[in-house]
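We number each residue from 1, following the sequence as shown. Note: hydrogens, waters and symmetry copies are ignored here, and every other heavy atom, side chains too, is used. A quick note: this is a predicted structure, and the numbers were derived from the prediction, not measured.
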Amino acid sequence: MATLIVVGAQWGDEGKGKIVHLLGKKADYIVRYQGGNNAGHTVVFDGKTFVLHQIPSGILQPGKKCIIANGVVLDPAALKEEILFLESRGIRVRGRLAVSAWAHLILPYHKYLDAHREAGSDKIGTTKKGIGPAYSDKVGRTGIRLADFMEPDLFRELVERNLQEKAPVLEQVISLDALRRETFKDYDALRKFFEPFVANTPALLQEALAAKKNVLFEGAQGALLDVDFGTYPFVTSSNPVAGAACVGAGVGPGAIDEVLGVVKAYTTRVGDGPFPTELTGEMGEFLRSRGQEFGATTGRPRRCGWFDAVVMRHSVRVNGITRLALTKLDILEGVDPIRVCVAYRYKGKLLKDFPASRQAQAAVAPVYKDLPGFTGPVKGITQLNKLPVAARDYVRFLEKQSGAPVGFISMGRSRDETILIDKRFRWTP
Ligand code: IMO
Ligand code: MG
């Protein structure tokens with residue numbers, strides 16, 4: 001590994017946290033480049049479970065440098081809490097985390113706007129963390145960046161301007177005075193707290209790349225939640241796809257060596273929107289309970305379904321995925337047959353490619369190929385040739401259908417529960 005982007009290949013929650021933690025061992029820098037604290041990356045480390053929302057999962061690897069880059073929208077109050085929480089559990093953060101001065105902020109009014117929208121008929125099932133309104137402001141050129149936050153007079157002026165502009169909507173839920181109080185309550189302390197963290201992160205990365213350091217870019221969400229390529233408008237407001245790592249971190253496209261797509265052996269989605277292979281009956285319930293499919297950020301039950309190769313071909317294409325990390329294969333143990341969606345049927349036609357039309361996305365009927373199930377126990381196996389033949393065949397089928405080879409297989413949250421296939425990903429020195 002030199003520079004590697006790790007992306008979610010489905011609708012998020014594919015297991016990126018574990019994969020980044022695993023590969024982070026060989027990285028010098030771990031960088032978050034988009035999204036915000038809508039992400040929930042779960043890592044089991046030293047027998048303890050950590051859920052990271054804004055800080056790269058690499059922070060749990062002693063000595064590694066972590067960067068929250070410009071493409072992220074960051075909630076200063078929530079970030080401070082996350083830093084203090086990690087430190088209370090013995091993880092050193094100060095001196096290891098740099099936060100981009102260019103990053104846009106999520107402020108209290110963004111959360112109210114998000115919640116207000118979610119209470120209406122345009123609801124899409126967001127995490128209500130203020131992500132959409134914060135990115136809207138960024139693109140609408142009324143956003144406030146960390147650099148602005150560090151300048152008290154400017155910050156106050158920009159907040160006031162935004163409150164006035166958004167007053168017609170905000171005042172339906174909260175008075176501007178209450179909102180001002182909430183916004184400025186801890187402002188001075190927060191600003192001082194962040195002083196040592198604020199950095200010119202593109203310059204840091206340029207230096208790292210020039211010194212041939214290993215840099216790992218940690219994506220949040222997944223390709224099907226991408227604002228361009230996902231199931232629009234049921235998406236997040238950033239670009240989780242790999243290409244966004246360059247813009248979101250301030251590095252050139254030539255700097256990237258490899259793109260690893262993290263993919264579950266089945267599919268999950270949390271929030272509303274199209275999900276062609278969704279299982280609403282007993283099988284969906286089974287996957288949810290065995291796979292512990294509940295949101296790490298909001299606790300909502302995840303919707304579950306079969307593996308969707310149409311989605312994966314789309315994802316491999318729009319991300320430029322060169323290798324896959326297949327997670328949660330063990331959850332399918334004993335399921336027979338295992339179904340894989342290989343195409344869609346729509347208006348009498350067979351679709352091999354994921355459609356752009358929201359009507360088509362909502363109405364397609366999956367065409368399934370049934371594969372024989374496997375019996376275990378597979379959990380604990382660390383060599384590919386020890387897996388039952390049917391499990392290996394399933395993996396090969398997914399590779400062929402998706403169009404990218406599997407570099408490793410994960411069958412549990414801990415680092416040892418992994419089968420390494422592509423030796424270049426070896427994380428032990
Ligand atoms: P990680 O990084 C799964 C979903 C929300 C909602 C949509 C928009 O853990 O994979 P937002 O709050 O972003 O405006 O909500 O996106 N969503 C996620 N789903 N995993 C995530 O992150 C998600 N982050 C946002 O549920 O459907
Ligand atoms: Mg998650």
Side-chain angles (χ1 to χ4, degrees), residues 29-39 41 50-60 63-111 129-131 133-135 137-138 142-163 179-208 217-218 220 238 248-250 297:
Y29 287 78
I30 301 97
V31 186
R32 273 282 308 270
Y33 61 87
Q34 50 69 234
N37 57 338
N38 49 349
H41 296 176
F50 293 87
V51 181
L52 294 147
H53 298 289
Q54 301 189 85
I55 300 175
S57 304
I59 202 76
L60 301 176
K64 308 297 178 182
K65 298 263 188 222
C66 289
I67 292 179
I68 298 179
N70 55 286
V72 168
V73 282
L74 74 93
D75 181 329
L79 179 57
K80 180 180 175 188
E81 225 173 87
E82 196 171 335
I83 291 170
L84 295 180
F85 174 75
L86 286 174
E87 291 188 337
S88 76
R89 313 254 323 240
I91 310 289
R92 201 165 75 83
V93 180
R94 273 164 248 234
R96 296 177 52 210
L97 175 69
V99 185
S100 181
W102 274 271
H104 279 253
L105 302 186
I106 302 175
L107 293 166
Y109 52 85
H110 293 122
K111 287 184 267 188
K129 300 287 183 192
I131 305 294
Y135 276 116
D137 278 3
K138 172 179 178 174
T142 56
I144 301 179
R145 300 163 312 154
L146 187 58
D148 309 322
F149 184 78
M150 302 316 284
E151 311 215 38
D153 293 342
L154 176 67
F155 178 63
R156 283 175 194 279
E157 184 192 319
L158 293 174
V159 168
E160 192 53 38
R161 208 195 287 170
N162 280 350
L163 290 182
L179 206 39
R180 275 187 202 102
R181 276 198 299 279
E182 191 177 337
T183 309
F184 294 111
K185 188 171 43 124
D186 299 320
Y187 171 59
D188 287 325
L190 268 179
R191 191 184 67 245
K192 290 200 182 91
F193 180 86
F194 279 110
E195 259 164 25
F197 291 97
V198 185
N200 179 342
T201 51
L204 280 181
L205 280 170
Q206 186 183 34
E207 226 173 83
F217 297 89
E218 174 177 357
S238 68
T297 298

**Prompt:** Does R96 have any salt bridge (charged side-chain N to carboxylate O under 4.0 Å, His left out) partners at least two apart in sequence or in another chain, and if so, which?
**Reply:**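 So R96 forms no salt bridge (charged side-chain N to carboxylate O under 4.0 Å, His left out) with any residue.
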**Request:** Output, in order, the C-alpha distance, side-chain angles, deciding distance and verdict of side-chain contact (heavy atoms from CB on, under 4.5 Å) for K80 and F197.
**Result:** CA-CA 11 Å; K80 180 180 175 188; F197 291 97; over 6 Å; no
Side chain of [X], backbone of [Y]: donor and acceptor closer than 3.5 Å?
| X | Y | result |
| --- | --- | --- |
| E82 | I55 | yes |
| T297 | A39 | yes |
| N38 | K129 | no |
| H104 | R145 | no |
| R32 | C66 | no |
| Y29 | F217 | no |

**Request:** In plain terms, say whether R156 and E160 are close enough for a salt bridge, that is, a side-chain N and a carboxylate O under 4.0 Å apart.
**Result:** no
**Prompt:** Can a salt bridge be assigned to the pair D75 and K111 using a cut-off of 4.0 Å between side-chain N and carboxylate O?
**Reply:** yes
**Item:** Flag if over 12 foreign heavy atoms under 6.0 Å of CD, E87
**Value:**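 Atom CD in E87 is crowded, with more than 12 foreign heavy atoms closer than 6.0 Å.
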**Item:** Flag if over 12 foreign heavy atoms under 6.0 Å of CD, Q206
**Value:**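 No, CD of Q206 has 12 or fewer neighbouring heavy atoms, counting only those of other groups under 6.0 Å.
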**Parallel, tilted or perpendicular, as decided by the 30° and 60° cut-offs, for the rings of F155 and Y187** =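 Answer is parallel, since the angle falls under 30°.
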Is there side-chain contact between [X] and [Y], with at least one heavy-atom pair below 4.5 Å?
| X | Y | result |
| --- | --- | --- |
| T201 | I68 | no |
| L52 | L60 | yes |
| F50 | I59 | no |
| W102 | N200 | yes |
| L74 | L105 | yes |
| V159 | F184 | yes |

Which value, rounded to the nearest 0.5 Å, describes the distance between [X] atom [atom1] and [Y] atom [atom2]?
| X | Y | atom1 | atom2 | result |
| --- | --- | --- | --- | --- |
| E81 | H53 | CD | NE2 | 9.5 Å |
| N70 | K138 | CG | NZ | 6.0 Å |
| K185 | T183 | NZ | OG1 | 9.5 Å |
| L146 | M150 | CG | CE | 6.0 Å |

For [X] and [Y], which heavy atoms make the closest approach, and how far apart are they?
| X | Y | value |
| --- | --- | --- |
| P56 | L97 | CD-CD1, 4.3 Å |
| H41 | S57 | CB-OG, 3.7 Å |
| L163 | R180 | CD1-CG, 3.7 Å |
| P108 | L179 | CB-CD1, 4.1 Å |
| D137 | H110 | OD2-NE2, 2.8 Å |
| Q34 | S238 | NE2-OG, 2.9 Å |

**Asked** After noting the C-alpha distance and the side-chain angles of F193 and I83, does the key distance pass the side-chain contact (heavy atoms from CB on, under 4.5 Å) rule?
**Response** CA-CA 11 Å; F193 180 86; I83 291 170; 3.8 Å; yes
**Asked** Is there a side-chain contact (heavy atoms from CB on, under 4.5 Å) between V73 and N37 once you walk through the steps?
**Response** CA-CA 8 Å; V73 282; N37 57 338; over 6 Å; no
**Message:** Run the side-chain contact (heavy atoms from CB on, under 4.5 Å) test on V99 and V72 for me, step by step, so that the C-alpha distance in whole Å, both residues' side-chain angles and the decisive distance to 0.1 Å come before the verdict.
**Reply:** CA-CA 10 Å; V99 185; V72 168; over 6 Å; no
